[in-house]
Amino acid sequence: MTIHERVAALISRLASKRQFPTQGETLFVDLERQAVRSAFIPRSVIESLLGGRGVNMFLLHNLLDESLFPLHPEVPLIFGTGILTSMVPSASRGNATSWSPETGILMDSNAGDYFPSFMKLNGIDHLVLYGKAPQWTLLHFAGREPRFVDAAHWIGLDNIDLRASLAAHFNGVEGKDYGLAAIATAGENLVLTSGIMAGPKAIFARGGPGAKMGSLNLKAVLIQGRSAQLTTFRPHKMRNRDVAQKLMNTSVVKNALKVRGTPFLYKPSRMLGAMGTKNNQETTWTDKLDAENIDPYRNGMEGCFACPVNCRPLNDMSGDANVLHDKYDKGDGPEYVTLGKFGPGVGITEVTQVLRLNNICNDLGLDTASTGSAMAWAMELYQRGILSREQAGIDLTWGNYDAIERLLFMIARREGIGNAIADSSQAVAKGHYPAEALDYLMAVKGLTQSDPHDARILKAFALGLAVATRGMDHLRNRVTLEINAKINDSPDFKAELYGGRVSAEPNSYDGKEIAVRRCENIYAVGDSVGMCRFTTKLFNSPSLPGYEEFVDQIENVTSIVLTRDQIDRIGLNVMGVERLINSRLGVTRKDDTLPRRWFEEAIGVGPYKGEKIDRQKFDAMLTRFYEISELNSDGLPKPEFRRELDAVLEG
Amino acid sequence: MSAPFRINVRLPEPLRDGGLEIVAIETPVQALGELLAVLESRLPDFSATNDELFNFAINGELILHGERSVVLKSGDEVEIVIAFAGG
Ligand code: SF4
């Protein structure tokens, strides 16, 4: 079946009318033929998967032809907004979904800033893009009908210049007048660590979304104005006030997230001896990169659409006489992930150098997690002589700042050794490195680790990274509160939080599957309603908005009534569909694992010196996880669960 | 004569009233739980904020469970660390 036939078959099963007042359309945009079709997601699908990530999975499952390859133009790129996006504080998010060119499995990435909200504000819930545009194209929406604008003028522009040029061309201000998702040169050059920039820093990051968008000859999607009437089923603003109050009264939000943003986590990880250093060969690094040392350069905080938290630190080094002054002496960020990946990850100790690398990545459209990890992998190969000086063409010694900066541009242009790093975890398959290089690849299911936290100590983190459906990524299910002593020391509270007994000891395997299951469910729900991970219950605090607020606002906004158990089940459904998709792409139980290093090499410092992952205990924990997740021994939905999912996906 | 008992406690930003970064505790204590009681009486903001926000590190190593019973001795360095974990 061609994509056109698949789209036609799917539309014949979708609804032709709005299912609730705030529902937006699902638009199917054929970039090759410049044709658009639309439909509405049926209420039964919404009741099982909500929206955003959940419904994106429904669409991908129905449109995916696994006999193709990820960058084939008939494999769609799908943007989706959460069911509450733009209508509830901190629900500013949306997802970009496809078949990942970086990993070969499911690609699904979440971002905020303004693009997802402008989709919703213009009555678009999902945007399914396929077919290769005959020339580089910018898709411009001012209302629901897109214009296919020749983008030749913007090709070769990186994020800073592109956003400035588009602001002038469309005579508006991003965030106020329009939302924008665009690729920079890394995406144009099909770099597998490239993302889709949803703002100066906000990025649909993991799995190579930038390359996927580039493969369709699509430079940007710009959604202008606010043409939709978002009339909710019942007034929802009073309850929004409660949500905002709950957010702002949470200690970690008030005292950490809002003040310095996520770099706070660097210090606890470092002190625990769990800060991934030099491709996880070591696990602690300098205190010079502690969040407070970024203070002199933090000139403000930014945030996503209608989010009261404003957690995103800006940086400005223009007053520092010791740094180079050009367009990279200021920018947006860094997040903790970037601090870790471009600090200890590659052996850098200076704050200003990390800030500059952060600013360059944001401009080139590079995912700092994948790029930093792929670079650290290459540096370890260089250290071990698996990659020679001659092959590298550049001195890849740890901490060689000039080489690292130069490498970012080489990656974006796929030049020299940059071409190998641009292929990320696929570098061996593509013939850049010998097979023995895989021994040092810190990846699961082809995705390098998102955050720099070394999970040999915290077994719940480790299980989460192993089972996450998009690969080695903490944002899908991390039991973040395992790092909190007060919660660990309150067994009854902890049991209530996760719905079962979870060992207090961070390095124990006991009960950790229960906590991962609970987190995976609520985070999948959060992605499907559009709520930010940072402000979803369990990620940073037990006091943040969760199911209670979600069900109330879903009812107020859509008229759909859900119980707490039902919404939790939706989280399980999303995971189930994702596992079905991955199974079609060849994923089996053996892929729910961890990098070799974590099983074989012990942590060498700190209070948990000697800790590593025990294969048998890990395997037993994985079996227990499958059992409570209604998965069979190969990690796929058991027959009854499968029947329920099939009814939603194919009914 | 043995040296007087002293534990230095490094405070995080929300507790740095008037720029005070380190508090010296000279009341002999044997465990972190006892030290917390002393801190609660010394620092007005501490008891209000000592919810899930704070973790403790002893001599640079983070404590993740059994917090109150961690044994202390004179000369230990205690640091209150914001237990922010998600990013
Ligand atoms: S908490 Fe931060 S990342 Fe999340 S929606 Fe708000 S501003 Fe955006």
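Labels below follow one simple rule: chain letters A, B, ... track the order of the sequence lines, proteins then strands, and each chain is numbered from 1.
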Checklist entry - Is any side-chain heavy atom of B/Leu15 less than 4.5 Å from a side-chain heavy atom of B/Phe54? => result yes
Next on the checklist: If you compare all heavy atoms of A/Ile514 against all heavy atoms of A/Arg501, which two are closest, and at what distance to 0.1 Å?
Outcome noted: CD1-O, 3.5 Å
Checklist entry - Tell me, side chain or backbone of A/Leu458 under 4.5 Å from chain B's heavy atoms, or both, or neither? => result side chain
Item to check | Contacts of type salt bridge (Lys or Arg N to Asp or Glu O under 4.0 Å), residue A/Arg456, not counting sequence neighbours | outcome: A/Asp454
Item to check | Part of B/Leu64 within contact of chain A (heavy atom distance under 4.5 Å) | outcome: both
Checklist entry - Looking at A/Asn507, A/Asp489, A/Asn488, which one has more heavy-atom pairs under 4.5 Å with chain B than the rest? => result A/Asp489
Checklist entry - Any idea which of B/Glu79, B/Glu13, B/Glu61 has the most non-hydrogen atom pairs under 4.5 angstrom with chain A? => result B/Glu61
Checklist entry - Side chain, backbone, both or neither: which part of A/Thr250 has an atom under 4.5 Å from a heavy atom of chain B? => result side chain
Checklist entry - For A/Arg270, is it the side chain, the backbone, both or neither that has a heavy atom under 4.5 Å from a heavy atom of chain B? => result neither
Next on the checklist: Once ring pair (Phe, Tyr, Trp, His ring centres under 6.0 Å) is applied, do any residues pair with A/Tyr523, and if so which ones, sequence neighbours excluded?
Outcome noted: A/Phe539
Item to check | chain B contact via A/Val605 - side chain, backbone, both or neither, heavy atoms under 4.5 Å | outcome: neither
Next on the checklist: Quick one, A/Asn358 and A/Phe342 - any side-chain contact, counting heavy atoms below 4.5 Å?
Outcome noted: no
Checklist outcome for this item: Closest heavy-atom pair, B/Ile7 versus B/Ser74, reported as atoms and distance to 0.1 Å, is CG1-CA, 4.4 Å
